[in-house]
Amino acid sequence: MINRPKILKHILHPWNVSPGNAIEIQKRLAGHISRKAEPMCIRSVGGMDVCYREDSARAAVVVMSYPELDLLDSAVVTESVDFPYVPGLLSFREGPVILKAIDRLNSVPDLLIFDGHGIAHPRRFGIASHIGLLLNIPSIGCAKTRLCGHHSDLNRKQGSYSFLADQGETIGAVLRTRADVKPLYVSIGHRIDLSVGIRFVLTCCRGYRLPETTRLADRLARF
DNA sequence: GCGACAG
DNA sequence: ATCTTGTCGC
């Protein structure tokens, strides 16, 4: 049974654009992001990561059952990259190869967990929001470091968190996924709300700092 | 002008 | 992210 994701054709855009053009695209598409939870049954979660070597980028995407977290499917794609890394424009560098990898899956996950921010972004349109919107799949941003926003200190015990705020609005949460280690920056990607996203991330971490999907994808993408 | 800056 | 040197814990 093949069930490939369908990219939203009406909002598809070119990727080989100038940084200034990319910013305009982000501002336009940010208005399409839904920050609300939807009645949904999550039976599988997807995760992805990208590794680089010289001019090549390799994306790995995995699909795991939820909540068991057994591997169901995976895909790896390697191709050259042109767009440079620019803080705030990560999706224009990693988006193309990630979409190709997802397109090779035999089943579409019910939820996508990204290695990067969702709306915890200067224009509220990080890579988790961008790809989640194009594929119309609920998504969560899970970044290891901060891009923007501020927060108060949090306890060192697992599960504690504090909200990440920027320009007067809550854009995410800083979550202690494992006691006494650096917290994770969790934010809404698309079609989910923050509290639900936090719960999903916690149940995907199994005692580690990062979600199992991210850990496995990183392993598969390694050169 | 200066500091900050996902991967 | 990747590279690289040194240190620490299991």
Side-chain angles (χ1 to χ4, degrees), chain A residues 15 19-20 22-23 25-27 29-30 33 46-62 76-102 112-134 139-151 156 161 163-167 169-175 177-190 192 194 197-198 201 207-211 213-223:
Chain A
W15 293 96
I23 289 175
I25 291 173
Q26 291 182 325
K27 289 179 178 177
L29 296 185
I33 292 300
M48 58 287 291
D49 197 22
V50 181
C51 289
Y52 300 89
R53 191 182 65 178
E54 297 176 2
D55 287 350
S56 292
R58 173 179 292 166
V61 54
V62 302
V76 178
V77 171
T78 303
E79 67 177 20
S80 63
V81 285
D82 292 320
F83 206 95
Y85 168 67
V86 179
L89 300 180
L90 179 65
S91 59
F92 285 85
R93 177 170 168 78
E94 303 193 339
V97 67
I98 284 177
L99 288 174
K100 280 190 178 181
I102 293 177
L112 295 173
I113 297 181
F114 284 82
D115 192 344
H117 293 101
I119 64 171
H121 175 281
R123 290 168 291 282
R124 310 293 182 259
F125 200 68
I127 189 168
S129 296
H130 198 156
I131 306 303
L133 174 66
L134 293 184
S139 62
I140 300 172
C142 219
K144 295 183 288 296
T145 62
R146 182 187 69 89
L147 209 205
C148 67
H150 299 82
H151 64 88
R156 339 44 174 106
Y161 66 84
F163 291 111
L164 182 64
D166 183 49
Q167 301 292 126
E169 72 175 325
T170 297
I171 60 174
V174 191
L175 175 67
T177 54
R178 176 179 177 166
D180 301 316
V181 300
K182 287 185 56 177
L184 231 44
Y185 292 76
V186 179
S187 59
I188 293 169
H190 183 47
I192 198 167
L194 187 54
I198 290 174
V201 171
Y208 290 89
R209 183 192 177 211
L210 303 177
T213 48
T214 301
R215 283 157 45 79
L216 181 52
D218 174 77
R219 208 184 72 183
L220 295 181
R222 222 71 205 180
F223 275 101

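Order of the sequence lines fixes the chain letters, A, B, ..., with proteins taken first and strands second; residue numbering starts at 1 for each chain.
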Original post:
Nearest-Å distance, CG (A/Leu89) to P (B/dC5)?
Top reply: 16 Å
Original post:
What's the CZ-P distance between A/Arg123 and B/dC5, to the nearest Å?
Top reply: 15 Å
Subject >> Worked verdict on A/Ile188 versus A/Ser129 for side-chain contact (heavy atoms from CB on, under 4.5 Å) >> reply: CA-CA 7 Å; A/Ile188 293 169; A/Ser129 296; 5.8 Å; no
Subject >> Presence of A/Arg146 side-chain N/O under 4.0 Å of B/dA6 phosphate oxygens OP1/OP2 >> reply: no
**OP:** Name the closest nucleotide to the A/His121 side chain, picking from B/dA4, B/dG7, B/dA6.
**Re:** B/dA6
**OP:** Step by step, work out the side-chain contact (heavy atoms from CB on, under 4.5 Å) result for A/Phe92 and A/Val86.
**Re:** CA-CA 9 Å; A/Phe92 285 85; A/Val86 179; over 6 Å; no
Original post:
Does A/Lys144 come within less than 4.0 Å of A/Asp115, counting only side-chain N to carboxylate O?
Top reply: yes
Original post:
Stacking between A/Tyr85 and the base of B/dG7 (centre distance under 5.5 Å, interplanar angle under 30°)?
Top reply: yes
Original post:
Between atom CG in A/Asp218 and atom C1' in C/dT2, what is the gap in whole Å?
Top reply: 13 Å
**OP:** Take the protein atom CD of A/Glu54 and the nucleotide atom P of C/dA1, then report the distance between them rounded to whole Å.
**Re:** 18 Å
Original post:
What do the steps show when you test A/Asp166 against A/Arg124 for salt bridge (Lys or Arg N to Asp or Glu O under 4.0 Å), and what is the final call?
Top reply: CA-CA 10 Å; A/Asp166 183 49; A/Arg124 310 293 182 259; 3.1 Å; yes
Original post:
If the sugar-phosphate is the primed atoms plus P, OP1 and OP2 and the base is the rest, what is the B/S/- string for nucleotides 4-10 of chain C, using protein heavy atoms under 4.0 Å?
Top reply: -------
Original post:
A/Glu94 CD to B/dA6 C1': how many Å, rounded?
Top reply: 9 Å
**OP:** Indicate, with yes or no, if the rings of A/Phe83 and A/Tyr85 have centres closer together than 6.0 Å.
**Re:** no
Original post:
Any side-chain N or O of A/Arg58 less than 4.0 Å from the OP1 or OP2 oxygen of C/dA1?
Top reply: no
Original post:
Any donor and acceptor pair, going by atom type alone, linking the side chain of A/Arg209 with main-chain N or O of A/Pro183 inside 3.5 Å?
Top reply: yes
Original post:
B/dA6 phosphate, OP1 or OP2: any side-chain N/O from A/Lys144 under 4.0 angstrom?
Top reply: no
Original post:
Do the side-chain N or O atoms of A/Thr145 get closer than 4.0 angstrom to the phosphate oxygens (OP1, OP2) of B/dG7?
Top reply: yes
**OP:** Going by the ring pair (Phe, Tyr, Trp, His ring centres under 6.0 Å) test, name the single residue among A/His117, A/His190, A/His130 that passes it with A/Phe125.
**Re:** A/His130
Original post:
Out of C/dT2, B/dC5, B/dG7, which has the shortest distance to the side chain of A/Cys51?
Top reply: C/dT2
